[in-house]
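Read the structure below first, then the notes.
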Amino acid sequence: MILTAESRYNLWVREHYRFLLRSAWALMGSRAVAEDVVQDCFTSAWKHRKQLRDPALARAWLFQIMRRHALRHMAPQPQALDDDDLLADEAAPEGSLDDQLDVVKALARIAPIHREVLVLFYFDDMPTAQMAQALEIAPGTVLSRLARAREALKTAMRPTAALTPATVAAVPLDRRLRKV
């Protein structure tokens, strides 16, 4: 069966949409903005699809394009996440929703350079080599950014004076990240 260009595009979108939306949402902090970013990403990627030499690296290539579009949409100050945005996701991941919301809100409080490595590593299970390609950096740099990002996330998740220890989840950070 011969696929038309439209059916190939639709297949491509179905295969990569959730990955890109999840990544863009974590980077942008807003589902609506993330949807716009992903739409722009697919438009650009399809237009320049001949530049993708190895289809096995499509995710890393698409992430690169999405990241560039996200940086263009990014506001100078980090945006706060809406609880409504967080609850609107189609498939709720396993684990305590409160723990997941804490992690996602903390992600919004850290620098985008840290958010992107955490999202690729923990949310998308991308190997370090593909992360390096997606971020256009060396694999060793990926590992050092990941270490710094974990520390930044731990700091962002520390309770503030307004929170009591009872309101902070007792689950360790590493366990929370694996659930998200």
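- Remark: side-chain polar atoms of Q133 are not paired, donor with acceptor, to backbone N or O of W61 under 3.5 angstrom.
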Self-check item: Test log, rule side-chain contact (heavy atoms from CB on, under 4.5 Å), inputs E35 and Q39
Solution: CA-CA 6 Å; E35 288 172 345; Q39 180 66 37; over 6 Å; no

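- With no hydrogens or angles considered, no side-chain donor-acceptor pair links Y9 and R14 at under 3.5 Å.
- Here the closest non-hydrogen pair linking A45 and I65 is CB-CD1, 3.7 Å.
- Listed here is the closest heavy atom pair of Q64 and A134: CG-O, 2.8 Å.
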Exercise. Check the pair F19, L120 against side-chain contact (heavy atoms from CB on, under 4.5 Å), reporting the backbone distance first and the verdict last.
Key: CA-CA 9 Å; F19 157 73; L120 289 175; 4.2 Å; yes

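- Following chains of ILVMFWY side-chain contacts shorter than 4.5 Å, one cannot reach V117 starting from L143, and the two form parts of different hydrophobic clusters.
- The cationic atom of R150 (NZ for Lys, CZ for Arg) lies less than 6.0 Å from the six-membered ring centre of F121 and within 45° of the ring axis.
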Quiz prompt | Stepwise side-chain contact (heavy atoms from CB on, under 4.5 Å) test for T155 and R109 | solution = CA-CA 10 Å; T155 301; R109 291 191 296 265; over 6 Å; no

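- Nearest approach of A138 to A132, heavy atoms of both residues: C-CB, 4.0 Å.
- Side-chain atoms of R31 and L21, non-hydrogen and from C-beta on, do get closer than 4.5 Å to each other.
- Judged by distance alone, the side chains of S7 and T4 do bring a donor and an acceptor atom under 3.5 Å apart.
- Counting heavy-atom neighbours within 6.0 Å of E136 CD, excluding the residue itself, gives a total above 12.
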Quiz prompt | E116 vs R145, side-chain contact (heavy atoms from CB on, under 4.5 Å): CA-CA, chis, key distance, verdict | solution = CA-CA 10 Å; E116 64 190 8; R145 280 192 189 175; 4.0 Å; yes

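- Test L118, V119, D125 against Y122 for side-chain contact (heavy atoms from CB on, under 4.5 Å) and you get one pass: L118.
- Among all heavy-atom pairs drawn from L107 and L153, the shortest one is N-CD1, 3.9 Å.
- Distance check: R67 CZ to L20 CG gives 14.0 Å after rounding to the nearest 0.5 Å.
- Distance alone, capped at 3.5 Å, places no donor-acceptor pair between the S44 side chain and the C41 backbone.
- Between Q130 and A56, the closest heavy-atom pair is NE2-O, 3.9 Å.
- For the pair A106 and M157, the tightest heavy-atom approach, listed with the atom from each and the gap, is CB-CG, 3.3 Å.
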Quiz item: For R148 and E151, what are the C-alpha separation, side-chain angles and deciding distance, and is it a salt bridge (charged side-chain N to carboxylate O under 4.0 Å, His left out)?
Solution: CA-CA 5 Å; R148 287 189 201 110; E151 287 304 314; over 6 Å; no

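- Under the 4.5 Å side-chain contact rule for hydrophobic residues, I113 and V37 do not share a cluster.
- In terms of hydrophobic clustering, with Ile, Leu, Val, Met, Phe, Trp and Tyr side chains grouped at heavy-atom distances under 4.5 Å, I137 and L57 are assigned to different clusters.
- Using a 4.5 Å heavy-atom threshold, the side chains of Y17 and W12 count as separate.
- Cation-pi contact between R22 and W25: absent, since separation from the ring centre below 6.0 Å together with deviation from the ring axis within 45° is not met.
- Of the possible polar contacts, one joining the R115 side chain to the I110 backbone as a donor-acceptor pair under 3.5 Å is found.
- Between F42 and H16 there is a side-chain heavy-atom pair separated by less than 4.5 Å.
- Distance CZ/F123 to OG/S23: 9.0 Å, rounded to 0.5 Å.
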